[in-house]
There are 4 protein chains.
Amino acid sequence: MQTPPGRRPGRPRSRRADDAILSAALDLLGERGNIAEVSIEAIAARAGVGKATIYRRWPGKEELLVDAVATLRPPLPDLDEGSMRGDLVLLLEQVCAEMDGKLQRAINALLVSRAHPEIGARIKHAVLAPRREALYQVLRRGAETGELRPGADPEAVLNLLMGGALLHRRSAGGGSPRACAELLVDTLLAGIAAPRPA
Amino acid sequence: MQTPPGRRPGRPRSRRADDAILSAALDLLGERGNIAEVSIEAIAARAGVGKATIYRRWPGKEELLVDAVATLRPPLPDLDEGSMRGDLVLLLEQVCAEMDGKLQRAINALLVSRAHPEIGARIKHAVLAPRREALYQVLRRGAETGELRPGADPEAVLNLLMGGALLHRRSAGGGSPRACAELLVDTLLAGIAAPRPA
Amino acid sequence: MQTPPGRRPGRPRSRRADDAILSAALDLLGERGNIAEVSIEAIAARAGVGKATIYRRWPGKEELLVDAVATLRPPLPDLDEGSMRGDLVLLLEQVCAEMDGKLQRAINALLVSRAHPEIGARIKHAVLAPRREALYQVLRRGAETGELRPGADPEAVLNLLMGGALLHRRSAGGGSPRACAELLVDTLLAGIAAPRPA
Amino acid sequence: MQTPPGRRPGRPRSRRADDAILSAALDLLGERGNIAEVSIEAIAARAGVGKATIYRRWPGKEELLVDAVATLRPPLPDLDEGSMRGDLVLLLEQVCAEMDGKLQRAINALLVSRAHPEIGARIKHAVLAPRREALYQVLRRGAETGELRPGADPEAVLNLLMGGALLHRRSAGGGSPRACAELLVDTLLAGIAAPRPA
DNA sequence: AGATAAGCGAGACGGTACGTCGGGTCTTATA
DNA sequence: TATAAGACCCGACGTACCGTCTCGCTTATCT
């Protein structure tokens, strides 16, 4: 055993520096809206920190931004609306709302762009996963209550909903997040196959 | 009609330069897989062209890459499978397949990232639109043949399918594009609401 | 009939173009004061001429500027002051006066700088030579009238006077060209050796 | 005394970089012989230095070259020949010899060309001044020993000699520096006015 | 208390690429 | 064939960041 009581020698890293760096990175990512226009030098300057203090902690810009984004984890809405449809709409509404705003667009870019897949994975894990997990729980409860059709693959449902939200916010332009969420959920609930004449 | 008899004075721009630049840009985007690692200097060098010849045509790297990507327009698959489901699966299978590969990841980044929204719009128009249009026609024909449930909003259906494909390829990892497409289409066709007991 | 005895075929070169180019070149050389900041593009633009029209006439910027400078040949002052000293002062005064002004500084640079010696030679011939020749005639007449000490090498005298003027205008700063010329001429006339006691 | 104990923060500038840059600049100036053909990029490459390291120290090419030239200060010849004439000849011989060689021609161009007069002034101060000062001392000693005619303006004498050397090396072409120096000094010593018949 | 060791802000380092400018050449249509 | 216009390839310009490397200092732990 080495450090918990027996700490590393030398001056310990400064928590204040960590916070200042992450916060400056998010600020700038929000302002510039584009990962390419956020420079380490600008982050260091705004954080009042030397560049070496950043490179001591992260190997490069992207890793830093991933961690910065990961600190966001906005609180999920309270659920328990009583019905699976209500909960799905509630969650999807938040996802839709988050599509707006420069910071979110930048995050999406981080999600989708990377050559090095591990980075996309980490941000996915940190930011996307909580939303997926919440949706997943709603579906599971729906299965228990019988609201979810047996045989529906929850993974597929999840991706349909979230991907649908991602694209619909852009292609269909305006409209309230609420309306968008309701349309998507209801379409998926009902399916699109014509009912057999019976 | 613009100037066929009265042409602009001076040497006209070289078609060969246009082609060389666009093709070099795509090459490099495919190789590097990351817009940030494709440099104008490298494009100019590979195209055998001066940098000024590029900047005379495009204001910057991103605009150039957008146009380069827009020249891709891979052919859509032949449809006429006989059923709406078959056609949807066929189209979605191609979309799923296109998610793999460095070039496509780079394109996705361009799609989603931009601060200047016009650029995202142009690439959307050039690359995404044909696929959306094909899906749209399939849905319209399904409505005519009665295979599509009346009341289903085609726009929403479209976004659910394409967004679902986008995410499912990543989250569910492996699997053939075919299987992915079938799962998504079937899930959406059937809907996820439990059938009313009746 | 095409050519007085036999003219060259095709459109003849435009005299107006020659004039416009040379005049624009001098203008810009005067304004910018520095050969490096005079661009062929600017000359062509100001002259209302295509760049090719310049390159058809001169092989490069320096040759063009040499020719432009050579068109200056400002008139020399009338002499016949009656005495060698008077004429020398008159000529040297003009040389001193010409040291001021951006154009002259640029010309001096052309005179002194060139790696390719032929160009310096041509401008020397065109601009410096007339002044030297005038001084030389004054000295020759001085020799005839006995005002010039026999044995004085006219070439050396000439160079002492003109070089002296070149430097004295700069080092001694202010002062009228007249005073400068008189000081130099009188110093050289009297010599600097102490008179033998005898 | 400035800040020996309280130093500027950050990494101090590298002496080795200074030296490498100045030396590379002189090398190239000597090779190319023409300020316009010496590029900052070439200097940086030869010095093994980034361009920014140059621009951190000098605002542009000319200022750098001025400083580079200023480091030359070749040693003046030992004097004490016993006579004023001997010393003058010795000094002027060196000045004449320095007219040859590409580096010196380039320096002369710097001296004479500049639009911004301050730069010419600095190089004048660094390179020309020592020679002028040496000549000046010789003249002063000549005045003390009575070899210099009372009433001769030392400033004018100086400019006559150095300017004469500058021009004579070019106009009179060949000849040894020694012969050139002797001719000029003797001409000026004796003066050019015919001795009054008395 | 002093030594040791690492972190700190600052900023210079060697580089890469940027977007601009100008050089000298080439290619149009027109005169 | 010359002309005005302007595109062509090339390469230097001066700037902005990259990720690394000193500096002098501070802040801990370990003798």
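Atom set for the values below is all heavy atoms of this structure, side chains included, hydrogens, waters and symmetry mates excluded. So you know, we letter chains A, B, ... as the sequences are listed, proteins then strands, and number each from 1.
In this entry the distance linking OH of C/Y55 with C1' of F/dA2 reads 18 Å, nearest Å. Spacing between atom CZ of A/R32 and atom C1' of F/dC17 amounts to 12 Å, rounded to whole angstrom units. D/E37 has its CD atom 18 Å from the P atom of E/dG22, to the nearest Å. One can place CH2 of D/W58 at 16 Å from C1' of F/dG14, the figure rounded to the nearest angstrom. If you measure from atom CD1 of A/I40 to atom P of E/dG9, you get 14 Å, rounded to the nearest angstrom.
With B/R32 contributing its side chain and B/E37 its backbone, the two residues share a donor-acceptor pair below 3.5 Å.
Between the side chain of A/K51 and the base of E/dG9 there is no donor-acceptor pair of N/O atoms closer than 3.5 Å.
Residues of residues 41-50 of chain B having a heavy atom closer than 4.0 Å to DNA chain F, listed by number: B/G48, B/V49, B/G50.
Between A/T53 and the phosphate of E/dG9, there is a side-chain N or O to OP1/OP2 separation shorter than 4.0 Å. Residue B/R8 places no side-chain N or O under 4.0 Å from the OP1 or OP2 atom of F/dA5. Using a 4.0 Å cut-off, some side-chain N or O of D/R56 falls inside it from OP1 or OP2 of E/dC13. Taking side-chain N and O atoms only, C/K61 has a distance below 4.0 Å to OP1 or OP2 of E/dG23. Residue C/S14 places no side-chain N or O under 4.0 Å from the OP1 or OP2 atom of F/dA2.
Toward the 5′ end of DNA chain E lies the nearest nucleotide of A/A17, the other residue of the pair A/A17 and D/R11 mapping further downstream.
Backbone-only contact: B/R57 has heavy atoms under 4.0 Å from sugar-phosphate atoms and none from a base.
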